[in-house]
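A quick write-up on the structure given underneath.
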Amino acid sequence: MTTPAERKNQQVWDSIEAGAFKQALQLCNRRLKKGEKGDYLLILKAHTLILLSTPANTSEALQLAQQLSSKNPAIDSVDCLRLLTRVWNGLGAAHTSEISQLWERAVKSRPKDEALAREWLWGTVRSLDWRGAQKAAMSLQKSFPARREYWFWAAVTCLLLHNSLPETAPDRKLFGMLAYKMMAKSRDDTPLDATVVPPRAMQTSQEVTLMLELLAYVSPQAANKEALELLDSGNLGVDSKIGAGDWWGLARKRLEVLEEAKDWRVLWEVCRELVKDKKKKEDEAALAENGEKTNGEEDAIAEKDGAAPADEAATKGRGDDWLIWECFVKAVGELWNSGEKEPGKAALEIILTHCSASATARNPNLALVKFSSVFHDEHGGPEGTPTLLEACKEYFVKTGTKSACFEDLKVYLEMLEEIETEEFLKFVAERVSEMSDEIEKGQIERVAASINLYKFIYLLNISPMTPPLTGEVVSTLNEFITSALKIYTSSLSLGHNLLPTDAQYGDDAALLSVMGLVRLSTLSDPPSQIPLYQSAIILNTLLQKSKHNYQALLLLVRVYLLLGAIPLAMEIYPRLNIKQIQNDTLAHFLLTRISALHPSSNKTEPLLKEALKIYETSRNQTPGMLVLAYERGSYAQMMGFVEFADRVSGSVCRGMWEIEKRRLARLRPSLAAQQKNGELMRDGDENIWDNRDFSVVISCERSSQRPFEETFRVGATPGENWAKGFSAVERLVEYFLAPTTVDNSIPEHVLSVLSRILTDKTAMTEFTPVEAEYLTIMQQVATATTTTTSQDSLKSTLSTILSSLPKAPPETSVTPHAWVYLHTANVMLDLVAILQAHFIPHIKQKKLTTELSAALNGLKKAIVTNAATLAKEIGEEEGSDKEQELIDGVLALEGVGKELRTWGVESGVEAVRAIRKSLAAAVAGVGKGK
Amino acid sequence: MSSLRPFHPLDLLRLNLANLDVLTENYDISFYLSYLAKWPTLMSVMESSQGKIMGYIMGKAEGTAKDWHGHVTAVTVAPDYRRLGLAKTMMDELERVTTSVYNGYFVDLYVRVSNEIAIRMYEGMGYSVYRTVVEYYSSGSGGGGGGGGGGKVGAEGEADEDAYDMRKPMPRDKRRKSVRENGREVRVLPHEVW
């Protein structure tokens, strides 16, 4: 049964849910006017006021929250306290400590109420207030000592508080030490015999892992020693009963610690045990069983009837882990160098035994390559050690038909001399040509091996190429591109049994040809656009056959952006199905500078809005998951949860998308009215992270070269400075919009931020030339806005702004990379918008701004007129000589063009036309935002 | 080269090689984190020596009494790293933890009946069809929480698809109750399995 008050509250919640905040507030006020009393109603009103988010409403909410939080006697209803916690959270981070005090007062009024005491902890954890949480957790473990988990909650909370404090904070060390002492006590209290365990002793692998994590944070010098003692201990170590709860996690940790501690002898011994082959283990087990069977063992064996032996169950699959092999080889290499030769000899024997036992097992076969790489420089090693070249060849023979073969061998091939790499390529080419292609399986394998061959060629011969683009280089590249295309074309006949969700067998060959074309484009001076058009044709063809090949989709988005075909890029991008956290890691492939590329599109704003949602989601969801981790005793995960929350909330993309959104609203004023601004990045923010995933794009470049994707980005890569610089500009715009209510020190602050960035060469690498000009002018605008500006200096600053105004981008800037034209024109229009709509009205002496005003009108007109003429020109070029010239280049009668012609001239022509039309649409959109 | 390691929350920022794959679902943050909070050792990633995440597995322990078991919620390998046996290594680890930590009777997973390659792969690992869950995967939606990767593909008008509930007995299931001959013919409705 619900009470009348509850039903009325529900009405308010329903209004809130429907977004009708004003109505919700009216409902609250009406009830209060009628004399209805009750804390919940008042808190609900405060909550509604915050949702309305005007300064007056927020201020009233603050007053209400203060009044309710200091009430005597203190509010102790959990529902009221939870809602009041939300209110304080809504009032901003500056009020976080109020939450803890609120709960603390309630808990003091009902000290025996365990549920309330726990809620205090959850309230603080949900607002990520670690100081408050530490207090709550300590109080909980002191008040309810019988609950063992509260002891661990307190320890982990001390650690989380320690981690959240700056290095310089005086009490940071104190909380770290407190956490350490609590966990050390638990460790020391854990008996060997697990039958009687003191409550606060460790009982789970998560508690052991917490101790290990903690050591690295609070006692880095002694961490390795203590960690090893713990991992080797009989009560809590890797092989203990408690350790079995996370056997592999702890076993891995031991390898990592031993490697870090450079304890090569022990590392070698531990690895040797782990890589022992199964038969040897069985022999040893049989020996032990026959030798000393003791009472009880028969029962144990009987119990395991029908099951795998416990030993096997414990280590199944783990002996063949690359981490073990890597440590194994590294350890023997180090021992060899220090004069201990025996482990090296034994290791080679073990590796060879594994390799001969299974030709396809990747890890031991690669361990042999790594083993030979250790002795590559001095051509030494134990007798029987193959040369690195021999080992690489052998590895290709065994795994050359797997696509992972390239990544596996890459680092080792880079160690070889040129003469050796030539021999390797010759060997691989011969092997591939000898492969049988009588049956389809053989043909498929041959395609896979050929792709690996071309990846090796790219790595060894194409990647090191540097300008200038000589005739020889062009011919090598053309040969590479056309050969890769031929492999792709020939592979298409093999895919008839594939599912629609599968990729064709030869897709990577097509991607390699695109990589060659991009190389051709970037090596040209100026960069050539023909290879990009050719790339678009290849990628489109690939995507017709393999609808979901995400490598092709990512590359095509990039190629379209560079060619200025922004509408086409926006059409392709949704096929990547970017969702959830990918909005933080991958959306940058399209959204970087999007507001100044195609502001007139209806798709731009929803894309930005969608991307920004993830930050709200993370803020809402992650703290709740921390509570869950406490409840489930997953202590080892908690530092990671906090780190994750920090990374997402401090994401540089979050700052960038907010700027894009605001800029877009200026270029399309109709959006401004409905838009609610989010948080801007602050110059003092230190918690800034770059979560963008660039590495997802295929790359066969040498490690000394930039990854492939980085060689053809859409302009300078924006980052923290870009976001901070333009956030400062947006802050200045906010100031212009409401100079009386906003802090009047903003112009000075903006000036200092912009001056810092503009004089920092490294910071300026994040900006395009027009962005740098924009920023310089905004620096002048901030100067002119500072309160200390005198009449004379204002005049002089205005004259500087006038003289530094950029010129409309020339039509010629549409080649080779048409995005430059769009970007330049739109950034200039945004600059004009800020100056016209915000800065000039702010200057009281109108006479001083007349000339600037006229110049801005002229600039805007020039940009828009030029764009309209250009759009018309491109839009009407079908059938023209200009178009024919482009098509003749793309579908040339020789080289790559000739290959593309085999797929159909018509489709090639259509692809080129589609790009030009898309470009025309983007250019036509310049200055057309409504 | 491949190395299995425990899943770390920051891995959520690095799953793209696997998650951009059309058959791998992208869940919301709380879905992954709740698994980590509840069953931290049933979630692992497979990492290459270059630090790339080649695939991952997430599972849970659920059920009551004789039905207590490990469940594979998702197992996925990025396209470039298939046919290397990585899924098996990850499944081995999940089975090991199901037995040694949770003492489950069996491990189960759900797979689309049309996904013959996956079904064969699971059969090769010792799984067999225990029952058919009728119209478990709804068309045009995410995977419905099935193992083997719920699909992102699906268009309007496509029919709902059945799932096989595949099981593998663990040592505790001495009487092998999680195996039956005619599992494909035993048809149940989705609400009966939840």
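Convention: sequence-line order gives letters A, B, ...; per-chain numbering from 1. Here the structure is a predicted model, which means the values were calculated and not measured.
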Side chain / backbone / both / neither for [X] at chain B, heavy atoms under 4.5 Å:
{"X": "A:L626", "value": "neither"}
{"X": "A:D508", "value": "side chain"}
{"X": "A:I581", "value": "side chain"}
{"X": "A:L366", "value": "side chain"}
{"X": "A:F641", "value": "both"}
{"X": "A:I698", "value": "neither"}
{"X": "A:Q206", "value": "side chain"}
{"X": "A:A404", "value": "both"}

[X] versus chain A, heavy atoms under 4.5 Å apart: side chain, backbone, both or neither?
{"X": "B:T41", "result": "side chain"}
{"X": "B:Y102", "result": "neither"}
{"X": "B:L86", "result": "side chain"}

### Task
Could you check which of B:R5, B:K52, B:H8 has the highest count of heavy-atom pairs closer than 4.5 Å to chain A?
B:R5

### Query
With respect to chain A, which residue among B:I117, B:L84, B:V101 yields the maximal number of heavy-atom pairs within a distance under 4.5 Å?
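Most heavy-atom pairs under 4.5 Å with chain A: B:L84.
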
Between [X] (side chain only) and [Y] (backbone N and O only), is there a donor and an acceptor less than 3.5 Å apart?
{"X": "B:R167", "Y": "B:D108", "value": "no"}
{"X": "B:Y32", "Y": "B:Y27", "value": "yes"}
{"X": "B:N16", "Y": "B:N19", "value": "no"}
{"X": "A:N363", "Y": "B:S2", "value": "yes"}
{"X": "B:D162", "Y": "B:E135", "value": "yes"}
{"X": "A:R632", "Y": "B:A37", "value": "no"}
{"X": "B:T132", "Y": "B:R184", "value": "yes"}

Closest-packed option against chain B by number of heavy-atom pairs under 4.5 Å, given [options]:
{"options": "A:V411, A:L586, A:N620", "answer": "A:L586"}
{"options": "A:E407, A:K370, A:R692", "answer": "A:E407"}
{"options": "A:K402, A:M638, A:Q621, A:E326", "answer": "A:Q621"}
{"options": "A:Y550, A:Y635, A:F406", "answer": "A:Y550"}
{"options": "A:V648, A:L628, A:D693", "answer": "A:L628"}

#### Entry: Charged N-O contact under 4.0 Å between A:D502 and B:R82
no

### Query
Taking 4.0 angstrom as the limit, do B:E93 and B:R96 come out as a salt bridge?
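Yes, charged N to carboxylate O under 4.0 Å.
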
### Task
Could you go through the salt bridge (charged side-chain N to carboxylate O under 4.0 Å, His left out) check for A:K398 and A:D408 one step at a time?
CA-CA 12 Å; A:K398 287 179 173 168; A:D408 288 349; over 6 Å; no

### Task
Let me see the working for B:E62 and B:K38 under salt bridge (charged side-chain N to carboxylate O under 4.0 Å, His left out), right down to the final yes or no.
CA-CA 11 Å; B:E62 60 180 3; B:K38 292 178 187 168; over 6 Å; no

